[in-house]
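Notes follow the structure.
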Amino acid sequence: ITAASLGRLLKARGLRVAAQKLDPYINIDPGTLNPYEHGECYVTADGQETDLDLGHYERFTGIRTTRDNSVTTGRIYSSVIERERRGDYLGKTVQVVPHITDEIKRRIQLKATKEDLDFVITEIGGTIGDIESQPFLEAIRQLRWELGSSQALNIHLTYVPFIAAAGELKTKPTQTSVKQLQGLGIQPDVLVLRTEHVLGDDVRRKVAHFCNVDVEAVIQSQDLPSIYEVPVNMERQGLDAICLKKMGIEPGAEPDLGEWLGFLEKRKNASSVLTIGLVGKYGLQDAYKSITESLAHAGTFHDCKVKAVFINSEEIDRNNVHDRLEGMDGIVICPGFGQRGIEGKIISAEYARTNDIPAFGICLGMQMMVIEFARNVLGYHDADSVEMNPGTTHNVIDLMEGQKTVTMKGGTMRLGEYACSLVPGSRVWEAYGRVDSIMERHRHRYEFNNLFSREFEGKGMSLVGKNPESDLVEIVEIPSLRWYVGTQFHPEYSSTVLKPHPLFMDFIKACIEYGNS
Ligand code: GLN
């Protein structure tokens, strides 16, 4: 959030920025990780599966990320090892220093060499002392030394715990963490202190004194009602101005945060509360991060606060579905993989359809809407996805042709942006502003089976978005209902604070109307 906020502030000063995340784990990308490990897997337009922080970067800055914005130890090592096999280091011992650290430095600078940028903000995940982050720290030590203070700057984020029993804020972890960094040859230029309670000037002075940091470069990041207030809080304390000054750049006029402040004002004044049920199997705040943020952006746009309630699909059955979903102004059927929690999603889709509650199915959620319709409207009782039931005779969700020969799991799904043609006159066509074609990001292996197209269309589920080349169904909707839409793509990846996604805006509008009806 600090990196994303700094990005927003520098952009608001008219500078060209990119924010990048370095993750010290060995996976090539988080695509094969369970969301319980690091939260949601985010996908860039160019099809890289990445850490969810890239979602924050895009939502805060409005600048699209690419595969270069996400780097893991796995990617660093695999390119070094590939080069070793090719013979690029012939005759040499390949080592962490300099080969791995050189590759890290190259990746940090790659973005700026490809695009015309003023700043690259590189966030290193993890905590000082982690064994796996050592090469990353060594790389930034070297980089700062090579580039000098006018070209490189180190910002260190620490946590200042509050001991409630003693009523005291403790700066010792910050001091220890900075000492460890200094031991590695890195002197932070700026410190950002995460705290639940506001720090007094005395605390900031003490930290400055013990850590060799100017007192005005000790910034506090206290808990705020919304993460979107962080840039404003950082600006008030001059984070962006200090960074510029330290690099010998005259900060000049204040950043233009007009639109951003407008969003915050609208958010604060939002009068009504909308309750949206998120039907999914991962009971973890971060697992559906982009969805909850997209709902919040669209809610603010329509002057309401969205209360997203997680509803565990594994616990939903025919007997309790009414109790679980009653009172929701709208329902999102979430993305996911595998069998667990599937029936609860199908039952929820049926409940939304038969009670005409606005419902938004995303990726697996769309597939569950299709299966529910096939079972209960078309009468195919064994209708299923071959992901869950490979032997079903009514494979309404089938493995994509191109996936049939795929055996490797990592990075092999249908990933990233693809075109989708919209059917004129459909609800989604209206929602997108009557455009004929859109681009959206994907992350799936299975698809709507076009052999059943006619039956679905005949009974009232319209196929309103298709890929123009492959004919893959990208959007389904039931036009006779208030708002019942399923998308094979993930619209949540491209909603930003200043540009909420059209489908989320239209969904929220329908939820408000339903709530008022
Ligand atoms: N498991 C489904 C597929 O692979 C849906 C994936 C998703 O929801 N992201 O097609």
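Given the structure is predicted, the values throughout are model-derived calculations rather than measurements. Every number for a ligand or one of its atoms is a count from 1 in the order of the listing.
- Of the candidates Phe337, Tyr36, Phe310, Tyr36 is the only one forming a ring pair (Phe, Tyr, Trp, His ring centres under 6.0 Å) with Tyr282.
- Every residue meeting the side chain to side chain contact (heavy atoms under 4.5 Å, CB included) condition with Thr61, not counting sequence neighbours, appears here in chain and number order: Ile63.
- With hydrogens and angles disregarded, a donor-acceptor distance shorter than 3.5 Å links the side chain of Asp29 to the backbone of Gly31.
- Protein residues with a heavy atom under 4.0 Å from ligand 1 are Pro335, Gly336, Phe337, Cys363, Leu364, Gln367, Glu387, Arg443, His444, Arg445, Tyr446, His490.
- Checked against side chain to side chain contact (heavy atoms under 4.5 Å, CB included), Thr300 has the following partners two or more places apart in sequence or in another chain: Phe263, Lys266, Arg267.
- Annotation: side chain to side chain contact (heavy atoms under 4.5 Å, CB included) contacts of Pro500 (sequence neighbours excluded): His297, Phe301, Ser495, Met505.
- Considering Tyr432, Phe489, Phe507 as possible partners of His501, the one that fulfils the ring pair (Phe, Tyr, Trp, His ring centres under 6.0 Å) test is Tyr432.
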